[in-house]
2 protein chains.
Amino acid sequence: MPEPARKRRPYAPRVPMAERREQLLDAALTIIDRDGYDGVSIDAIAREAGVTRPVVYSAFDGLGPLLTTLLDRQQERALAQLFAALPLDAAGDDPVAVVERATPALHAMVLADPVTWRAILVSPVTVPDVVRDRIEGDRERVRAVIEQLVVGVLGESADAEVLAHGILALLDHFGRLVLADPGRFTAERLTGVIGSMTKAWFA
Amino acid sequence: MPEPARKRRPYAPRVPMAERREQLLDAALTIIDRDGYDGVSIDAIAREAGVTRPVVYSAFDGLGPLLTTLLDRQQERALAQLFAALPLDAAGDDPVAVVERATPALHAMVLADPVTWRAILVSPVTVPDVVRDRIEGDRERVRAVIEQLVVGVLGESADAEVLAHGILALLDHFGRLVLADPGRFTAERLTGVIGSMTKAWFA
DNA sequence: TCCATTTACTACAGGTGTGTAGCATTCTGG
DNA sequence: CCAGAATGCTACACACCTGTAGTAAATGGA
């Protein structure tokens, strides 16, 4: 029988830096989706990607920069999806109609890319600082957009800041419900509730 | 000059087990409040309490049981505070009046014991499993109570489950706002927004 | 006062993660 | 075909955490 000889690990496929970086970002996202932000480490990412840690260090300066880069990528995807689904140009329209169009659109958006949205919605506070600051910053930008919508519809009299916080909190939570149990929390139910709340407000 | 001689660590005050346990729970809560659930470990708790790890192990069987005990204690405090502030017996009353009494009460409750409430509100998902399951369980119980209130007020026709989710999400988020910036998000503003939402619904 | 009990500490063995230096392999262009 | 540049791996030095066995100090009652 031959020597045990399992001395050297088989070489991972050689890959140019740019591609390796993408692959590592994908690995990080997979871990976040499967194990939460707790599970993310240089070590875990290397294992997930089938390489050793120095490979990761040669592609990124550490966990913080890696996650920042990942967030850059996901941010672009998420905000594009979100602003496509939000009724940004509906200044004068009937609010009920607007809401009853936007709600199913948001529902579909979340289910169409659950990995992206889970990483954003199911992450609120106890995550690495880089990530938290980034997500909070984006959330604040979205909230400002909603606040403008509120002002546009209700005028200056309402407490638009607090209302926008409330609306975003509702959207967040309904998003989490959809991700957690899509069969239970359907577009119809959510649209029904949000629609009747809107009707109550304006009718 | 005397020998360096800093061989032995000064003894921590000797304390009976029951008291030590309380002290360790307080240390854990302090850490959670300051560093989040990520920072909690047997080691960190021992350091925070000014003792060594074996002391912690002699008081609890490990981190899980310690946190469970802490949750038992905090749960009692929190639910007592919450059900005192919630209008559980207001089945027939005017909803607007009920809400305008309950909102300032909840606001005061959160600010009166911010450490307890931060640990509950600012913790949603990425926390030790024992803690998450526990908090989620309690949240679900509270949500069920709210659902009953909704049914009592709106009847069976409404989608009480989803509405209760929405209401709890609003309460959660407004609680976080108050904890994050008490000067900005006052009882008056929150009561104003919640009151006008309620008025819109029922008027 | 002295000893048994209670309480606390030291020390060790083992696990996982970080970051880096130096070596091995593969690939590419002349 | 054969450098040298890319790319990947091994190995090491730390750091921090878990649990536990053995030892030292404080306390209280006989």
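Just so we're on the same page: letters track the sequence lines, and every chain starts at 1. Worth saying up front: this structure is predicted, and the values here are computed from it rather than measured.
Taking the side chain as every heavy atom from C-beta outward, A:Arg21 and A:Met17 approach each other to under 4.5 Å. Contact annotation: the side chain of A:His107 never approaches that of A:Phe185 to less than 4.5 Å [non-hydrogen atoms, C-beta and beyond]. Here the side chains of B:Glu22 and B:Leu25 are in contact, with some heavy-atom distance below 4.5 Å.
Considering only side-chain atoms of A:Asp43, the nucleotide from C:dG17, C:dT20, C:dT7 that sits closest is C:dG17. Considering only the side chain of A:Val55, D:dG8 comes nearest among C:dA8, C:dT18, D:dG8. The side chain of A:Ala12 lies closest to D:dC9, out of D:dT27, D:dC9, D:dC17. Side-chain atoms of B:Pro54 lie closest to C:dC9 of the nucleotides D:dT7, C:dC9, D:dT18. Checking C:dA8, D:dC9, D:dT18 against the side-chain heavy atoms of B:Ser41 singles out D:dT18 as nearest.
For D:dC17, the OP1/OP2 oxygens have a side-chain nitrogen or oxygen of B:Arg47 closer than 4.0 Å.
If you check the side chains of A:Gln74 and A:Thr116, you find a donor sitting under 3.5 Å from an acceptor.
When rounded to the nearest whole Å, the span between OH of A:Tyr11 and C1' of C:dT25 equals 4 Å. When rounded to the nearest whole Å, the span between CG of B:Asp38 and P of D:dC17 equals 12 Å. We find that CZ of B:Arg20 is positioned 12 Å from P of D:dT27, with the value rounded to whole Å. Straight-line distance from the CE atom of A:Met17 to the P atom of C:dT26: 21 Å, rounded to whole Å. Taking atom CZ of residue A:Arg9 and atom P of nucleotide C:dT25, one finds them 15 Å apart after rounding to whole Å. Going from atom CG of A:Leu67 over to atom P of C:dT18 covers 11 Å, rounded to whole Å. Taking atom CD of A:Glu48 as the reference point, atom C1' of C:dT16 lies 17 Å away to the nearest angstrom. In this structure, B:Ile45 places its CD1 atom 11 Å from P of D:dC17, rounding to the nearest Å.
B:Thr52 comes within 4.0 angstrom of a base, heavy atoms only. Counting any heavy atom pair closer than 4.0 Å across all strands shown, B:Arg53 reaches a base atom.
Of all non-hydrogen atoms in B:Met109 and B:Ala85, the two that sit nearest each other are SD-CB, 4.2 Å.
Side-chain to base pairing of B:Arg14 with C:dT6: one donor and one acceptor N or O lie within less than 3.5 Å of each other.
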